[in-house]
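Below, chains carry the letters A, B, ... as their sequence lines are ordered, and counting in each starts from 1.
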Amino acid sequence: MGAADSLRQSPRAREVLRRARSVPEGFVTTYGDLCPGAPRFAGMVMSACHDPTVPWQRIVRADGSLAKGDRQRRLLEAEGVPFRGARVDMRVAWADVESLID
DNA sequence: GTGATGACGGAAA
DNA sequence: CTTTCCGCCATCA
């Protein structure tokens, strides 16, 4: 896994993970919020990240849909994250990372 | 330098 | 409401 390792260490990747860690239990944020302008990069970073201190389940798509299916859904429901059908209810569960990061 | 990749976003149909 | 399509961009080989 050489590529994935470097990915995890680049400055931007670290920022993505820093923001991801700032999302409180019971809330979610989006790939676009983790990396404004390059949401796909945030996805790559999350994909390569196996760090247990990163709450990966709290990162969802902008429309509230999930990238990791039922596994992710179970974890979020256990935290009390509200759903509307198959999607997270972003109106009440979205956490603004811009105001959470230092 | 070029081209491929991806846990995306959003506009259009 | 759902699906399709195209733009975006850091990173890597």
S.K.: Find the distance A:Q9:CD to C:dA10:P and express it as a whole number of Å.
M.R.: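 In whole Å, C:dA10 P lies 19 Å from A:Q9 CD.
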S.K.: Mind calculating the distance between CZ (A:R87) and P (C:dT2) to the nearest angstrom?
M.R.: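 Atom-to-atom, A:R87 to C:dT2, this comes out as 7 Å.
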S.K.: Calculate the interatomic distance between A:M90 atom CE and B:dG10 atom C1'; express it in whole Å.
M.R.: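 After rounding, the reported distance stands at 14 Å.
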S.K.: To the nearest 0.5 Å, what is the distance between CG (A:L66) and CG (A:L76)?
M.R.: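 Answer for the CG-CG pair, A:L66 versus A:L76, is 6.0 Å.
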S.K.: Is the shortest side-chain N/O distance from A:S10 to OP1 or OP2 of C:dT11 below 4.0 Å?
M.R.: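 Answer yes for this pair, as a side-chain N or O of A:S10 is under 4.0 Å from OP1 or OP2.
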S.K.: Quick one: A:R61 CZ to B:dG9 C1', roughly how many Å, whole number?
M.R.: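 For the pair A:R61 CZ and B:dG9 C1', the rounded distance is 11 Å.
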S.K.: Which one, C:dA10, B:dA7, B:dG9, comes nearest to the side chain of A:R12?
M.R.: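 Of C:dA10, B:dA7, B:dG9, C:dA10 is nearest to the side chain of A:R12.
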S.K.: Roughly how many Å is it from CG in A:L34 to C1' in C:dA10, rounded to a whole number?
M.R.: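 Rounded to the whole Å, the gap is 14 Å.
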S.K.: Counting only side-chain nitrogens and oxygens, does A:R40 get under 4.0 Å of the OP1 or OP2 atom of C:dC8?
M.R.: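 Answer is no, no contact under 4.0 Å.
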S.K.: Ignoring hydrogens and angles, tell me if any N or O in the side chain of A:Q57 forms a donor-acceptor pair with the backbone of A:Q72 under 3.5 Å.
M.R.: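 A pair under 3.5 Å: no.
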S.K.: Give me the distance, rounded to whole Å, that separates C:dA13 from B:dA7 when you measure between the C1' atoms they each carry.
M.R.: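 Looking at atom C1' only, C:dA13 and B:dA7 are 22 Å apart.
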S.K.: Tell me the interatomic distance from A:M46, atom CE, to B:dG6, atom P, rounded to whole angstroms.
M.R.: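 Checked: the CE to P distance equals 17 Å.
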S.K.: I'd like to know if the side chain of A:R19 reaches the main chain of A:D33, judged simply by a donor and an acceptor atom lying under 3.5 Å from each other, with no hydrogens or angles considered.
M.R.: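 Yes.
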S.K.: Of the candidate nucleotides C:dT11, B:dG6, B:dC8, which contains the atom at the shortest distance from the side chain of A:M44?
M.R.: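 Selected nucleotide (nearest to the side chain): B:dG6.
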S.K.: In terms of side-chain geometry, is the basic nitrogen of A:E15 or A:R18 positioned less than 4.0 Å from the acidic oxygen of its partner?
M.R.: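 A salt bridge links A:E15 with A:R18.
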S.K.: C:dC9 P sits how many Å from A:E15 CD, rounded?
M.R.: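 Nearest whole value for this atom pair: 18 Å.
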S.K.: For A:F41 and B:dG9, give me the distance from atom CZ to atom P, rounded to whole Å.
M.R.: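 It is 15 Å, rounded to the nearest whole Å.
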